[in-house]
Amino acid sequence: MTTKTSESISLNKAKKIHGVEIKRMPCGKYFEALQTLKDLPEDFIKELSDNKQEFKLSEMFTIENIMNLVTKLLIILPDFTFRFLSVLMDVDEDLLRNELTPKQVLDIIQEFWKMNELESFFVQMKPILMKITTLIGFKEQLPSVLKSE
């Protein structure tokens with residue numbers, strides 16, 4: 001009989017919402033999804049920030065702001081958004097796009113956010129967020145987003 005580590009036990013937790021299995025994801029899945037962010041066009045960031053001069057990406061990482069962000073992403077860049085969510089949550093892109101309602105997609109994202117404790121993660125990551133976004137190519141595309149607080 002194999003002994004399970006606390007990491008493997010916590011990663012195995014799952015919950016079904018609207019027929020989609022929501023589970024905790026290992027770090028590699030987040031970094032894979034973050035790679036898709038470098039494809040965001042500068043025009044989108046202007047639209048996302050409502051053309052504010054001092055838009056800070058780090059302010060978006062709360063459950064309320066993420067729901068607003070995802071809604072805007074679905075309206076403005078649906079192809080990108082479905083691809084990103086599919087990679088991040090390990091959910092079939094076609095299912096997200098063609099079988100679920102917008103409310104169901106938001107419910108799934110919200111549960112994924114909670115299950116993976118992402119709000120706490122982003123609070124802890126805030127000091128190094130600029131370094132990561134620079135590494136994936138944001139510096140040239142999104143100068144206003146990366147201004148330090």
Side-chain angles (χ1 to χ4, degrees), residues 2 4-52 55-126 128-142 144-146:
T2 341
K4 291 187 176 186
T5 65
S6 60
E7 293 85 11
S8 67
I9 291 169
S10 67
L11 283 175
N12 289 332
K13 290 182 182 178
K15 182 176 184 179
K16 276 207 175 218
I17 297 185
H18 305 300
V20 174
E21 185 178 57
I22 308 299
K23 56 191 175 240
R24 292 186 179 198
M25 291 294 180
C27 288
K29 229 9 169 173
Y30 295 101
F31 294 116
E32 182 182 344
L34 284 173
Q35 286 298 309
T36 65
L37 294 179
K38 65 184 174 187
D39 297 332
L40 282 174
E42 188 173 347
D43 290 346
F44 167 72
I45 296 303
K46 288 178 185 172
E47 179 73 27
L48 175 66
S49 66
D50 297 323
N51 292 310
K52 292 178 193 166
F55 174 71
K56 293 184 177 83
L57 185 63
S58 61
E59 292 172 358
M60 293 305 297
F61 298 123
T62 66
I63 190 69
E64 297 82 20
N65 288 341
I66 284 296
M67 292 300 111
N68 183 32
L69 173 64
V70 170
T71 302
K72 286 183 178 184
L73 278 168
L74 285 168
I75 293 167
I76 299 166
L77 293 170
D79 292 338
F80 167 82
T81 307
F82 287 122
R83 185 174 65 249
F84 176 78
L85 293 173
S86 173
V87 170
L88 177 64
M89 298 187 303
D90 199 23
V91 175
D92 180 55
E93 185 177 337
D94 187 61
L95 173 78
L96 289 172
R97 180 186 300 270
N98 298 314
E99 295 181 35
L100 299 172
T101 67
K103 170 72 169 90
Q104 290 173 321
V105 171
L106 291 178
D107 289 345
I108 291 165
I109 293 166
Q110 192 167 22
E111 186 57 37
F112 181 84
W113 187 268
K114 289 177 188 173
M115 182 174 286
N116 285 277
E117 303 174 282
L118 293 179
E119 193 150 357
S120 173
F121 169 76
F122 284 113
V123 165
Q124 294 176 34
M125 283 292 289
K126 208 171 193 177
I128 60 171
L129 186 59
M130 282 180 54
K131 290 179 183 179
I132 291 174
T133 53
T134 300
L135 285 173
I136 62 172
F138 267 162
K139 189 168 183 130
E140 296 77 26
Q141 292 180 332
L142 312 174
S144 63
V145 172
L146 296 176

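None of the values given here were measured: they were computed from a predicted structure.
- Between Gln104 and Glu99, the shortest heavy-atom distance links the atoms OE1-O, 4.2 Å.
- One finds the CG atom of Leu88 at 12.0 Å from the OG1 atom of Thr81 (value rounded to the nearest 0.5 Å).
- The residues Lys103 and Asp107 are annotated as salt-bridged, a charged nitrogen and a carboxylate oxygen being separated by less than 4.0 angstrom.
- Looking at residues two or more places apart in sequence or on another chain, you find a side-chain contact (heavy atoms from CB on, under 4.5 Å) between Val91 and Val20, Met89, Leu95, Leu96.
- Considering only residues two or more places apart in sequence or on other chains, Glu32 meets the salt bridge (Lys or Arg N to Asp or Glu O under 4.0 Å) condition with Lys29.
- The closest side-chain heavy-atom distance from Arg24 to Glu117 is below 4.5 Å.
- With sequence neighbours left out, the side-chain contact (heavy atoms from CB on, under 4.5 Å) criterion links Ser120 to Gln124.
- Scanning all heavy atoms of the two residues, the minimum distance from Thr71 to Met67 falls at OG1-O, 2.8 Å.
- Residue Leu85 holds its CG atom at 12.5 Å from CG of Asp90, rounded to the nearest 0.5 Å.
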Inset, instruction - Tell me, with the steps shown, if Met25 and Phe112 meet side-chain contact (heavy atoms from CB on, under 4.5 Å). - result: CA-CA 9 Å; Met25 291 294 180; Phe112 181 84; 3.6 Å; yes
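- Under the rule for a salt bridge (Lys or Arg N to Asp or Glu O under 4.0 Å), Asp94 has no partner lying at least two apart in sequence or in another chain.
- When each of Gln110, Lys16, Glu111 is paired with Ile22, the side chain to side chain contact (heavy atoms under 4.5 Å, CB included) condition holds for Glu111 and for no other.
- Glu21 is linked by a salt bridge (Lys or Arg N to Asp or Glu O under 4.0 Å) to Lys23, counting only residues two or more places apart in sequence or in another chain.
- Shown here are the side chain to side chain donor-acceptor pair (under 3.5 Å) partners of Glu93, two or more places apart in sequence or in another chain: Arg97.
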